*Asks:* 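This structure is in structure tokens; I'll ask about it shortly.
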Number of protein chains: 2
Amino acid sequence: MGTTIKDIAKLAGVSPATVSRVLSGQTDFYSEKTAKKVKQAVKKLGYQKNTSAVELVTQKSHVLAVIISTIQTNAADQIIDGIQETAMKNGLDVIILYAGEKNLDLQRRALETVIERTVMGILLVAIDLNTKNDALLRSANIPFLFLSIGFLKGRFPFISSDDFQVGYQATKYLMDKGHTKIGFAAADPETVIGQLRLAGYWKALSSNHVTPKLDWVYDGEFTYDDGISAMSYYEQHTDLTAAVASSDLAAIGMLNQAQKFGIRVPNDFAVISIDGTFLCTIMRPQITSVTQSFREMGVKGVETLLSQSIKQFKSLYTPIKITERQSS
Amino acid sequence: MGTTIKDIAKLAGVSPATVSRVLSGQTDFYSEKTAKKVKQAVKKLGYQKNTSAVELVTQKSHVLAVIISTIQTNAADQIIDGIQETAMKNGLDVIILYAGEKNLDLQRRALETVIERTVMGILLVAIDLNTKNDALLRSANIPFLFLSIGFLKGRFPFISSDDFQVGYQATKYLMDKGHTKIGFAAADPETVIGQLRLAGYWKALSSNHVTPKLDWVYDGEFTYDDGISAMSYYEQHTDLTAAVASSDLAAIGMLNQAQKFGIRVPNDFAVISIDGTFLCTIMRPQITSVTQSFREMGVKGVETLLSQSIKQFKSLYTPIKITERQSS
DNA sequence: CTGTTAGCGCGTTCAG
DNA sequence: CTGAACGCGCTAACAG
């Protein structure tokens, strides 16, 4: 779209190669004098380098791609924040693409647009990749890493919370508060995350000789509406005194529905949510949560991608902690 | 990084030119037979086109860049949603970059990474561009458009709400409810948006012969904490009975602080917020809002960029409406 | 320290 | 319908 190094070479009275040397920040390969001339010409012509050309010849890129599920989770903001900051520190630019959660085509498309551009790495945030796209991701030969989602049997390397522990600790916390009839609400049993958390929940109960009834577990997809439905169900069909909500939003749904039924939280019913985003603090009552280290996932994600040993990297759990607030 | 059209040309027993023709979707310029051979080879070799090379030679791109401020506004999700859907419909890929709100360098960097890649268009969402970057944006010669933010004197084309009307309607609504002592909280007077809304607020009051006192306006930056501060200030220093909050989050801050003071909403104090995101519906009481058409901004934004008449395009207001809920 | 040459992967003439 | 040759803008290798 315009001015090239040839143009500025002509204006500065040097060769294109020299211009290139000055502009690509090589040191000690040109004199101050010519550098100045070149820089003046650049300014005068409003030159912008053509990255397509650069990447074509260097086969390198300083762009980090982040593919993220469209799911409205405020956790993503924190992760991106961590990514952004760490990337910046390392001179990387970040581009973000949205892909559906389970939409095969959207995922493939996002992967393709990223792969076609030889980015230096791919971070997949909260994406449960359809297995049909596994090969595509692998074939690109670009370093990649999943964030905020785990896999079984080492299918892919990831950085996330230990979701078994998430489920376990949440439940354990409620039991320590004296509850035994504890629900598990709005998690998606078709996701690895949902399965692991459920297993943790189960383990915490059974370790303390509590056998959960089947209808204590109310499936969903981590949404606000699922929280509403769960609480409605519990109110009508169970005598639970507490529940683990699969996300902050689900917890909010439960609280609101509880209020509608005249159920007081935490007195009549205690809730602990999973995530611990700012939503927990702006609600009344504020919501007790298993708080995940989202920001750290982002930071560690970039660092791992950058490290030489990325190929040996297996997986990593970031810390979780219980943040006690007012809903329990 | 792998297999090129030469490789597949060899495997298919044709020339690279033919491969190119088949792959770039040209019709009627090759036989079915060769097309099949080529496609087989592509699959076998797991070929992915090199976009750098394509864009270098075609000087075109089907990528739409979205630059967005890091500010935590759930409005952005809606806008992006609209962009994404419309872009997809038109065969465009979308990449998103984050830039600080007022950070000169971050903005420049985001602009540069986008301009260097000859994207087909740039959408700037909720970015109040530092004037020093104006020239950079213009020089690129790439179609662009601002979303969710307006400008004075035609500095840049934009699509947003009419922020004067936003301020006016919000205030008018409260007056129609019988309030006369109305605050204006947590807007940033250094932004065009803040100024316009304030002017609308002022106009609504004065049209009805109410002269607002100076301390009815409590400045801020649209944040949750600003909402908290505003309500604290109002409680101590004023006898207001209602207020316009500059954002949903600010409104939530006000509500929570009101509760702390034992001020009942809406009985003792009415609040209307500006934005109308899902946050309004998950709070208790649910928050009455001036609801903006964020999704539509995204949709219209892409359509405008795509239209031939982009150069003549001036600006456009998307509709606003009052959504009455429980805080007023 | 600097200019010349070659070529990254692809689309597009121009001949056949 | 297909192949050969050229060039997009830039960097790298090789001479000077």
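Everything numeric here is computed off the predicted structure, so don't read it as measured data. Computation of the quantities below employed the complete heavy-atom set of this structure, encompassing side-chain atoms and omitting hydrogens, waters and symmetry-equivalent molecules. Each chain gets a letter, A, B and so on, in the order the sequences are listed, and its residues count up from 1.
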*Asks:* Answer yes or no: is there an ion pair linking Glu112(B) with Arg117(B), defined by an N-O contact shorter than 4.0 Å?
*Replies:* no
*Asks:* Give the nucleotide from the list dC10(C), dA4(D), dT11(D) with an atom nearest to the side chain of Ile5(B).
*Replies:* dC10(C)
*Asks:* Which atom pair, heavy atoms only, marks the closest approach of Ser161(A) to Met297(A)?
*Replies:* OG-CE, 3.6 Å
*Asks:* Name the residue closer to the 5' end of DNA chain C, choosing between Leu56(A) and Pro16(A) according to the nucleotide with the nearest heavy atom.
*Replies:* Pro16(A)
*Asks:* I'd like to know whether CD of Glu303(B) has more than 12 heavy-atom contacts from other residues, nucleotides or ligands below 6.0 angstrom.
*Replies:* yes
*Asks:* Measure the NZ-CZ distance between Lys300(B) and Phe313(B) for me, rounded to the nearest 0.5 Å.
*Replies:* 10.0 Å
*Asks:* Hey, which sits more toward the 5' end of DNA chain D by its nearest nucleotide, Val19(A) or Thr34(B)?
*Replies:* Thr34(B)
*Asks:* Under 4.0 Å between a side-chain N/O of Ser15(A) and OP1 or OP2 of dG3(C), yes or no?
*Replies:* yes
*Asks:* Within this structure, what is the CD-to-P distance between Glu116(A) and dC10(C), rounded to whole angstrom?
*Replies:* 10 Å
*Asks:* Do you know the tightest heavy-atom contact between Ala35(A) and Tyr30(A)?
*Replies:* CB-CE1, 3.6 Å
*Asks:* Can a side chain N or O of Thr18(B) be found less than 4.0 Å away from OP1 or OP2 on dG3(D)?
*Replies:* yes
*Asks:* Taking atom C1' of dT12(C) as reference, at what distance in whole Å does atom CG of Leu23(B) sit?
*Replies:* 15 Å
*Asks:* Please state whether the phosphate of dT2(C), meaning OP1 or OP2, lies under 4.0 angstrom from any side-chain nitrogen or oxygen of Ser31(A).
*Replies:* yes
*Asks:* Would you say the side chain of Val54(B) lies within less than 4.5 Å of the side chain of Lys49(B), judging by non-hydrogen atoms?
*Replies:* yes
*Asks:* Let me spell it out: for each of Thr58(B) and Ser24(A), pick the nucleotide of DNA chain D with the closest heavy atom. Which residue's pick is nearer the 5' end?
*Replies:* Thr58(B)
*Asks:* So, Glu32(A) and Lys36(A), do they make that salt bridge, N to O below 4.0 Å?
*Replies:* no
*Asks:* Within the sub-3.5 Å range, which N or O atoms of nucleotides 14-16 of chain C have a protein N or O partner, and how far apart are they?
*Replies:*
none

*Asks:* Which part of the nucleic acid does Val54(A) contact within heavy-atom distance under 4.0 Å: base, sugar-phosphate only, or nothing?
*Replies:* sugar-phosphate
*Asks:* Tell me: NZ of Lys6(A) to C1' of dT5(C), nearest whole Å?
*Replies:* 13 Å
*Asks:* Under 30°, 30 to 60°, or over 60°: which ring-plane class applies to Phe146(B) and Phe156(B), parallel, tilted or perpendicular?
*Replies:* parallel
*Asks:* Expressed as a whole number of angstroms, how long is the span from Lys10(B):NZ to dC10(C):P?
*Replies:* 13 Å
*Asks:* What is the separation between atom OH on Tyr30(A) and atom C1' on dG16(D), rounded to the nearest whole Å?
*Replies:* 21 Å
*Asks:* Are the side chain of Ser293(A) and the backbone of Glu296(A) linked by a donor-acceptor contact shorter than 3.5 Å?
*Replies:* no
*Asks:* Measure from CG on Asp7(A) to C1' on dC8(D) and round the result to the nearest Å.
*Replies:* 13 Å
*Asks:* Starting from C1' on dC8(C), measure out to CZ on Arg117(A) and report it in whole angstrom.
*Replies:* 17 Å
*Asks:* Please report, rounded to the nearest Å, how far the P atom of dG3(C) is from the CD1 atom of Ile8(A).
*Replies:* 12 Å
*Asks:* Using a 4.0 Å cut-off on heavy atoms, which residues in residues 41-53 of chain B reach DNA chain C? List them by number, or say none.
*Replies:* Tyr47(B), Lys49(B), Asn50(B), Ala53(B)
*Asks:* Is any side-chain N or O of Ser20(B) closer than 4.0 Å to OP1 or OP2 of dG11(C)?
*Replies:* yes
*Asks:* Indicate yes or no: does Arg108(A) engage Asp105(A) in a salt bridge with an N to O separation below 4.0 Å.
*Replies:* yes
*Asks:* Gln59(B) side chain N/O closer than 4.0 Å to the phosphate oxygens (OP1, OP2) of dG11(C)?
*Replies:* no
